[in-house]
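To start, the structure under review is shown below, and the notes come after it.
No hydrogens, no waters, no symmetry mates; every other heavy atom, side chains included, goes into these values. Start at 1 and go down the list; that is how both ligands and their atoms are numbered.
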Amino acid sequence: RRVQVSVHNITSLVDDLLDLGRIEAGFDTRKEPVQLDQIIHYSADGLRKKLAEKGHHLQINLPPSIPPILANPVQMRQMIDNMLDNSLKYTPAGGTITIAGHVEQSQVILQVADNGIGIPALDLPYIFDKFYRASNAAPEMAGTGLGLSIVRSIVESHRGRVWVDSTVGEGTIFTIVIPISGG
Ligand code: ATP
Ligand code: MG
């Protein structure tokens, strides 16, 4: 079982590094109209089992009026998967995770919020760096510190912005802004 876990970990590390390499190198910049609400629902469905295991409540707040954005659908899915995976992992059992979106001045604004462990202020400036993990990420919360680097690269390749607000012991909110035109 230990070997299996190690192989799984090293495989996901290699996958993440390959993804990041491809995104940073600017490969696969194909963009097409993407329905973000659909991507979010697919991603939520994929995580349903893990959410149920931890007894988390996932709330999706999206108005029906969000227009399609010009984006890379695979990368949009990776972005949402990574955000939700973090909320799920860094929130103690029975938490509430909310993903909300709205449109403002030809931009889509997405917010992923949780009532989890939060991120210490000293770590906040570095959490988007490769391999950086906050000091309160317990060893049993497995991870390599690449998820948010991938998110940032994806957001930047869509000319968007991402930032975080967090309070230790209260929770974390990530905000992503992406132009509808895909930049
Ligand atoms: P990986 O995503 O590569 O499996 P990871 O989750 O440790 O590993 P990132 O997703 O890049 O890496 O996140 C970096 C660090 O930021 C995490 O290790 C954790 O300390 C902190 N963090 C990210 N999201 C949250 C969150 N929702 N709540 C609390 N801490 C978070
Ligand atoms: Mg992560």
Which protein heavy atom lies closest to atom 27 (N) of ligand 1, and at what distance to 0.1 Å? Asp114 OD2, 2.8 Å
Below 3.5 Å, can you tabulate the donor-acceptor pairs from side chains in residues 94-109 to any protein atom, sequence neighbours excluded?
unit_1, atom_1, unit_2, atom_2, d
His102, NE2, Glu104, OE1, 2.9

Specify the protein heavy atom at minimum distance from atom 23 (C) of ligand 1: its residue, its atom name, and the distance to 0.1 Å. Asn86 ND2, 3.6 Å
Nearest non-hydrogen protein atom to atom 12 (O) of ligand 1, with distance, is Gly145 CA, 3.1 Å
I'd like to know whether CD of Gln4 has more than 12 heavy-atom contacts from other residues, nucleotides or ligands below 6.0 angstrom. no
Have a look at Leu110 and tell me which of Val177, Val162, Thr175, Leu36 forms a side chain to side chain contact (heavy atoms under 4.5 Å, CB included) with it. Leu36
Lys50 with Asp85: basic N within carboxylate O range, under 4.0 Å: yes
With side chains defined as the heavy atoms from C-beta onward, is the minimum distance between Met141 and Tyr90 less than 4.5 Å? yes
Does the plane of the ring in Tyr126 sit parallel, tilted or perpendicular to the ring in Tyr132? Use 30° and 60° as the thresholds. tilted
Contact between Lys89 and ligand 1, counting heavy atoms under 4.0 Å? yes
Residue from Ile150, Asn72, Val155 passing side chain to side chain contact (heavy atoms under 4.5 Å, CB included) with Met79: Val155
Of all the non-hydrogen atoms in the protein, which one sits nearest to atom 7 (O) of ligand 1, and at what distance? Arg133 NE, 2.6 Å
State whether the shortest distance between N or O atoms of Ala134 and N or O atoms of ligand 1 falls below 3.5 angstrom. yes
Could you say whether the N/O atoms of Thr144 and ligand 1 ever approach to under 3.5 Å? yes
For Ile119, the ligand 1 atoms with a heavy-atom partner under 4.0 Å come out as 22 (N), 29 (C), 30 (N), 31 (C)
Closer than 2.8 Å to the Mg ion (ligand 2), what protein N/O/S atoms do you find? Asn86 OD1
Quick check on contacts: which atoms of ligand 1 are under 4.0 angstrom from a heavy atom of Ile127? 14 (C), 16 (O)
Could you tell me whether Arg152 and Glu24 have a side-chain N and a carboxylate O separated by less than 4.0 Å? no
I need the nearest protein heavy-atom contact for atom 13 (O) of ligand 1: residue, atom name and distance, please. Leu148 CD1, 3.5 Å
State whether the number of non-hydrogen atoms from other residues, nucleotides or ligands found under 6.0 Å of Lys89 atom NZ is greater than 12. yes
Short question: side chain of Lys130, backbone of Leu17 - any donor-acceptor pair under 3.5 Å? no
Considering only heavy atoms from C-beta outward, does the side chain of Ser87 approach that of Thr172 to under 4.5 Å? no
Contact region, Ala137 to ligand 1, non-hydrogen atoms below 4.0 Å, reads side chain
Proximal candidate to atom 18 (O) of ligand 1 [heavy atom criterion; set Phe131, Tyr90, Phe128]: Tyr90
Heteroatom proximity flag, Gly147 to ligand 1, N/O under 3.5 Å: yes
Number the atoms of ligand 1 from 1 as they appear, then name those within less than 4.0 Å of a heavy atom of Tyr132, with their elements. 14 (C), 15 (C)
Check whether any side-chain heavy atom of His158 sits under 4.5 Å from a side-chain heavy atom of Leu70, and report yes or no. no
Donor-acceptor side-chain pairing of Asn115 and Glu170 below 3.5 angstrom: no
